[in-house]
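Before any comments, here is the structure.
These values consider heavy atoms only, across backbone and side chains, with no hydrogens, waters or symmetry-generated copies. Per chain, numbering begins at 1; letters A, B, ... match sequence-line order.
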Amino acid sequence: MPDYNLRLIIPEIFLFLWALFIIAFDLGTKRKNPKLIGYLTMGGIAATAVLLYLYHGGISFNNMFKSDPLALFFKVIFLGSAFMAVGSSFDIIAQKIKNHRGEFFGLVLFSTVGMMFLASAGELISLYIGLELTTIPLFILAAYYKDDRISVEAGLKYLVIGAFSSAILLYGLSLLYGLSGTTDIVMMKINLALLYLNTNGIGWALLMAIVMVLAGIGFKLALVPFHMWAPDVYQGAPTPITALLSVGSKAAGVVAFMRIFIDGLYGFADAVMFPLDWGNIVAVLAAAAMILGNISALRQKNIKRMLAYSSIAQIGYVMVGMVAVSELGVGSVGYYMFIYLFANMGAFAVATIFNDNTGSDSIASYAGLSKSSPMISAFMAIFLLSLAGIPPLAGFAAKFFVFAAGIQAGYTWLVILALLTAVVSLYYYANVIKMMYFAPDNPTIKLNTPLSANIVLIIGVAGLIIFGVYPEPILNFALDTARVFGF
Amino acid sequence: MEQPLYLIPLFPLIGFLLNGLLLGRLGKKTISFIACTSVGLSFLFGLKFFFDLLSLPDTARIIENVFFTWIPAGQFHVNVAFLLDPLSAVMVLVVSGVSFIIHIYSIGYMHDDAGYGRYFTYLNLFVFSMLMLVLADNYLLMFVGWEGVGLCSYLLIGFWFEKKSASDAGKKAFIVNRIGDFGFLLGMFIIFWQTGSLDFKTALDPAVAHSVFAVGGGMITAATLLMFLGATGKSAQIPLYVWLPDAMEGPTPVSALIHAATMVTAGVYMIARSNVLYMMAPATMAVVAIVGVATAIFAGSIALAQNDIKRVLAYSTVSQLGYMFTACGVAAFSAGIFHLMTHAFFKALLFLGSGSVIHAMAGQQDMRYMGGLKKRMPITFWTFLIATLAITGIPGLSGFFSKDEILWKSFSSDYGSIWIWLIGLITAGMTAFYMFRLVFLTFYGEERMDSHTREHLHESPKVMTVPLSILAVLSVIGGYVGIPHILGGDNRFEKFLEPVMKGVHHSVEGEHALASAAHNGSTELILMVGSVVLVAVFIYLAYHFYIKNIAAAGKLRQRFSGLHKIIYGKYFVDELYNAVIVQPLVVGSKFLWKIFDVLIIDGFINGMAVIIGDMSTGLRPAQSGILRTYTTIFLVGVIVILGIVLIFG
């Protein structure tokens with residue numbers, strides 16, 4: 001008897017309807033009220049969070065939709081990143097997007113709904129649909145500056161590579177289905193284990209499936225070598241969308257990875273397949289991401305490109321916790337993503353504000369910013385220092401837990417590499433701070449920030465400081481998600 | 001019992017943040033209002049929780065407040081949690097009370113200073129850190145406060161950083177303290193390593209301590225000695241006392257608050273807090289007692305010949321701290337804390353009084369150019385005299401009770417000896433001499449200042465004299481909480497602290513009756529009278545040399561000119577440290593800097609940076625912006641990984 005526990009998808013339903021309402025409202029008011037729709041969107045996201053709080057915990061649609069702690073935790077991240085992205089896009093909406101404002105916000109919400117479904121997916125097909133629902137609105141959003149060549153190019157590149165990776169992912173998923181005879185992830189885990197025991201080894205089909213699924217999700221994560229799209233798309237897309245791509249969409253990839261690999265392919269994470277277990281493969285890719293991301297970021301002159309490479313490196317650090325495949329590992333990954341939300345959304349928000357006021361994205365143009373806008377500069381410094389992992393900001397605790405998980409699981413070499421590359425990363429983060437504080441000032445620019453952007457910045461800074469000194473509540477919440485996997 | 005203890009340190013933190021963040025935007029009145037109110041509130045909350053504590057039965061006098069888990073890393077689990085027991089209650093009241101009085105005094109003293117806001121910001125931060133130190137329920141949080149007060153001390157010694165001597169003194173204090181802190185940290189590591197916890201509740205539980213440490217064993221001796229090294233740094237004992245006299249470069253209220261009344265007593269507090277561990281290491285106890293009493297007489301003798309009014313008081317502080325350590329070393333921890341409290345009152349008063357004098361003398365600190373101030377500054381004089389009588393141990397004043405208890409315990413305790421008592425006694429005589437020398441030179445005799453200064457002599461404003469008067473009252477009555485049995489009291493102070501001193505009662509259980517039997521009344525009375533007589537003799541000597549027969553002092557100085565030079569030169573310890581430690585370090589560092597650092601390390605680092613930077617440039621062509629390339633790399637990535645996996649699989 002299938003149990004359609006509709007109660008559990010009330011938040012998703014609401015957010016979906018709210019997106020439609022935003023678009024309709026914008027049309028109905030003849031696109032006269034850009035600020036109001038912005039605030040309505042933020043309000044809708046906040047309301048969804050409240051609904052999420054009221055309706056969670058349980059399984060519906062016959063295991064296709066799981067409202068477990070893992071899903072809840074990541075949905076908070078998705079809503080947070082959508083909230084902060086919307087909050088920092090008010091000026092862009094007012095200045096650059098004369099038409100289709102409602103659609104802009106609506107698409108952000110659609111993508112968020114996709115992420116939420118993805119996080120709850122207990123089964124491969126709904127997972128895939130969630131992934132597509134996340135990505136397709138983002139294709140459009142990346143190309144939202146219709147008259148800007150770079151933006152359109154970014155959208156197109158994202159679309160082509162996205163389609164390409166979807167194909168590979170689907171191939172991988174179909175192999176998994178073929179091997180296990182089910183799309184239910186828990187059943188798949190059991191069937192694969194049985195198959196392994198019966199045939200005493202599992203052969204190349206599973207290996208192919210692992211690599212292909214890894215490539216498909218690796219695209220979302222911008223994991224090396226599936227990262228090539230990221231710098232171009234990050235640079236071309238409207239900055240708040242870049243922020244959403246780098247946090248929300250990436251977190252969606254992380255949760256998809258957890259569902260398939262840590263849950264479904266749990267048995268093939270280590271000893272059984274050594275040395276070709278997926279843990280080792282992912283560790284190698286993580287190492288590549290940390291090296292390539294950090295080194296490439298060094299010479300970047302555009303802040304968005306720099307942050308793009310930085311986010312490639314950051315996913316490398318996340319994967320250090322992931323390959324631990326342990327309670328602490330899963331918990332530390334969750335914690336990392338949560339803190340990353342504050343730091344990266346904050347940094348991109350500052351980049352947005354700066355671009356709105358000066359029209360420039362070049363790091364050199366940040367020279368002397370601390371004199372004219374001391375508050376924004378201090379905030380930016382906090383975001384960047386947290387990304388670099390400097391205590392007492394939360395980024396330090398995040399790196400600490402991830403590395404601790406890595407060491408615990410025996411990936412010492414990976415942690416050492418991570419520490420070394422983290423040192424390199426300090427250079428390019430500090431470079432921006434050096435520009436703002438120690439470079440002779442250009443004609444001083446006064447940055448005007450809309451209220452909504454100030455809210456975003458304050459959320460970011462407060463999160464980094466509070467959870468840096470007092471990580472317990474988030475860490476406990478994140479460790480709670482690990483229960484899903486029954487370690 | 002659970003109570004919101006965080007309210008005690010909260011307000012100075014808020015004051016620090018308000019004044020610190022709005023620096024330069026607030027008026028002086030607002031700044032001092034914020035700073036003083038915040039500390040006043042701390043005191044009031046401290047008082048409230050103190051009475052809550054008193055309302056509990058003797059054995060259950062503990063108030064706890066777990067704020068949150070700070071570091072949850074596997075076995076290593078540290079809370080931000082506060083603990084109020086009799087010991088920390090005494091400390092909280094002394095710290096917040098004296099701080100409040102000195103904050104008020106500072107309004108007058110710092111009134112014309114350009115760094116007014118900065119001063120009160122640091123001062124609030126200091127009070128916050130000090131309260132964290134005494135309220136912490138584990139060693140790590142205590143260490144946070146410990147480092148916090150060290151930082152504030154550094155900032156405030158170097159407050160007038162444009163003066164080179166001031167910024168040098170700040171650096172000296174900081175560096176010397178780091179040596180001590182290193183010891184403290186190592187001691188802490190040993191405790192964690194052995195007991196698996198840094199919580200006082202666990203690590204200082206006699207049962208736990210006895211199960212992991214052997215009494216008198218190497219591990220416990222090492223841990224306690226290392227922690228004592230930390231205490232010698234913070235509390236200015238041999239060999240790390242050298243920073244405290246130089247710390248007088250800071251504003252005088254700072255000397256009173258940080259370098260006399262509160263921060264420098266942190267070491268005594270820490271040892272009293274760890275009494276369970278110390279009582280298990282008799283060797284360490286002996287070291288503590290000997291270092292304490294040696295410092296007492298050593299610093300006391302230096303104070304005999306100094307001419308700078310604040311330096312005399314600084315060496316006197318070092319000497320008095322020596323008494324407190326002596327008390328700890330002879331297992332009379334309560335007596336040490338008792339003296340800590342009375343000393344906080346009268347030494348703060350002495351410093352504030354000297355500040356009042358310096359204020360009137362337009363910055364002059366050399367007593368040779370003072371004299372006759374008694375009539376010019378009556379309130380300052382009388383309060384100063386009261387403090388002097390208290391510190392010399394005149395019966396009826398606070399210092400008498402606490403100092404006498406220490407002397408008696410160093411004589412009668414199992415850990416004491418007649419020699420410790422004797423040195424302590426001589427030091428008491430010295431104290432009487434240098435303190436009255438100071439009083440006579442400053443307040444009596446002819447006026448030796450130049451005419452310009454003389455015209456400007458004035459009593460300090462009310463905002464400064466009222467705090468002096470309050471402290472004077474405390475200096476008189478502060479001792480009556482601990483009247484010894486022999487004088488008909490029942491030493492309530494010691495009884496109050498008894499539940500905390502688990503180590504003492506753990507080890508002498510059963511011997512308790514024996515000890516009180518040995519509490520020979522007549523001996524104690526004789527010793528007491530003897531020390532009072534000795535003090536009186538030395539006061540008379542000071543009177544003889546500095547009032548009655550001034551020429552005699554000069555003659556004496558000539559006769560013992562060699563000895564005088566040595567004492568006046570502070571035994572040349574600074575010079576010795578400079579030659580033996582600082583200079584070799586400087587030479588060695590220069591070598592490391594020029595050869596090792598610049599050539600090897602920098603060369604390596606810069607080389608790495610160039611290589612990595614070039615790699616960054618080298619990686620660029622791949623990011624061509626051509627979609628075809630991107631797709632190809634994606635596909636090649638998949639195929640290569642697949643290839644590797646399939647070939648090796």
Side-chain angles (χ1 to χ4, degrees), chain A residues 153 156-157 160-161 164-165 168 172 201-204 206-208 210-212 214-216 218-219 223-232 273 275-276 278 281 284-285 288 291-292 294-300 305 309 328 397 400-401 404 408 424 427-428 469-473 475-476 479, chain B residues 6 13 17 21 23-25 66-81 141 144 604-606 608-649:
Chain A
E153 190 183 314
L156 196 65
K157 279 179 179 164
V160 171
I161 300 196
F164 188 72
S165 75
I168 293 178
I202 206 139
W204 53 269
L206 182 70
L207 288 172
M208 272 185 76
I210 287 178
V211 173
M212 289 183 154
L214 183 61
F219 156 75
L223 193 63
V224 174
F226 317 114
H227 69 286
M228 296 298 285
W229 58 277
D232 292 7
M273 308 278 289
L276 290 169
W278 63 258
I281 298 173
V284 171
L285 297 191
I291 294 172
L292 191 128
N294 281 319
I295 288 179
S296 299
L298 286 178
R299 290 283 159 96
Q300 298 304 324
R305 270 187 103 78
Y309 282 111
L328 182 59
F400 175 80
F401 293 131
Q408 207 182 51
V424 174
Y427 173 81
Y428 57 82
V469 185
Y470 180 30
E472 199 191 6
L475 187 66
N476 281 346
L479 287 173
Chain B
Y6 65 85
L13 179 66
L17 291 175
L21 290 175
L23 201 64
R25 293 187 202 176
V66 178
F67 206 41
F68 60 81
T69 302
W70 179 26
I71 306 175
Q75 268 235 310
F76 187 66
H77 186 95
V78 181
N79 286 330
V80 173
L141 192 62
V144 172
F604 178 71
I605 299 283
N606 290 338
M608 283 296 284
V610 170
I611 291 169
I612 291 178
D614 286 351
M615 280 164 74
S616 184
T617 317
L619 280 169
R620 267 182 167 169
Q623 201 74 38
S624 57
I626 301 167
L627 189 54
R628 231 181 8 246
T629 321
Y630 292 5
T631 329
T632 314
I633 290 177
F634 195 115
L635 195 63
V636 168
V638 175
I639 291 170
V640 166
I641 299 171
L642 257 182
I644 292 172
V645 168
L646 294 182
I647 288 167
F648 294 98

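With a 4.5 angstrom heavy-atom cutoff, A215(A) touches chain B via backbone and side-chain atoms both. Of the two parts of E153(A), only the side chain, counted from C-beta on, holds a non-hydrogen atom closer than 4.5 Å to a non-hydrogen atom of chain B. Looking at P473(A), neither its backbone nor its side chain comes within 4.5 Å of chain B, counting heavy atoms on both sides. Only the side chain of V424(A) has a heavy atom closer than 4.5 Å to any heavy atom of chain B.
In terms of modelled atom types and a separation under 3.5 Å, the side chain of Y630(B) and the main chain of G625(B) share a donor-acceptor contact.
The most heavy-atom pairs under 4.5 Å with chain B, out of L214(A), D232(A), V160(A), L285(A), come from D232(A).
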- Message: Working note: I295(A) + Y309(A), criterion side-chain contact (heavy atoms from CB on, under 4.5 Å); need CA distance, chi angles, decisive distance, verdict.
- Response: CA-CA 8 Å; I295(A) 288 179; Y309(A) 282 111; over 6 Å; no

Stepwise, does the side-chain contact (heavy atoms from CB on, under 4.5 Å) test hold for T631(B) with L635(B)?
CA-CA 6 Å; T631(B) 329; L635(B) 195 63; 5.9 Å; no

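Counted by atom type alone, Y427(A) and N294(A) present zero donor-acceptor pairs between their side chains at under 3.5 Å.
Ring planes of F634(B) and F164(A): perpendicular class, angle over 60° (limits at 30 and 60°).
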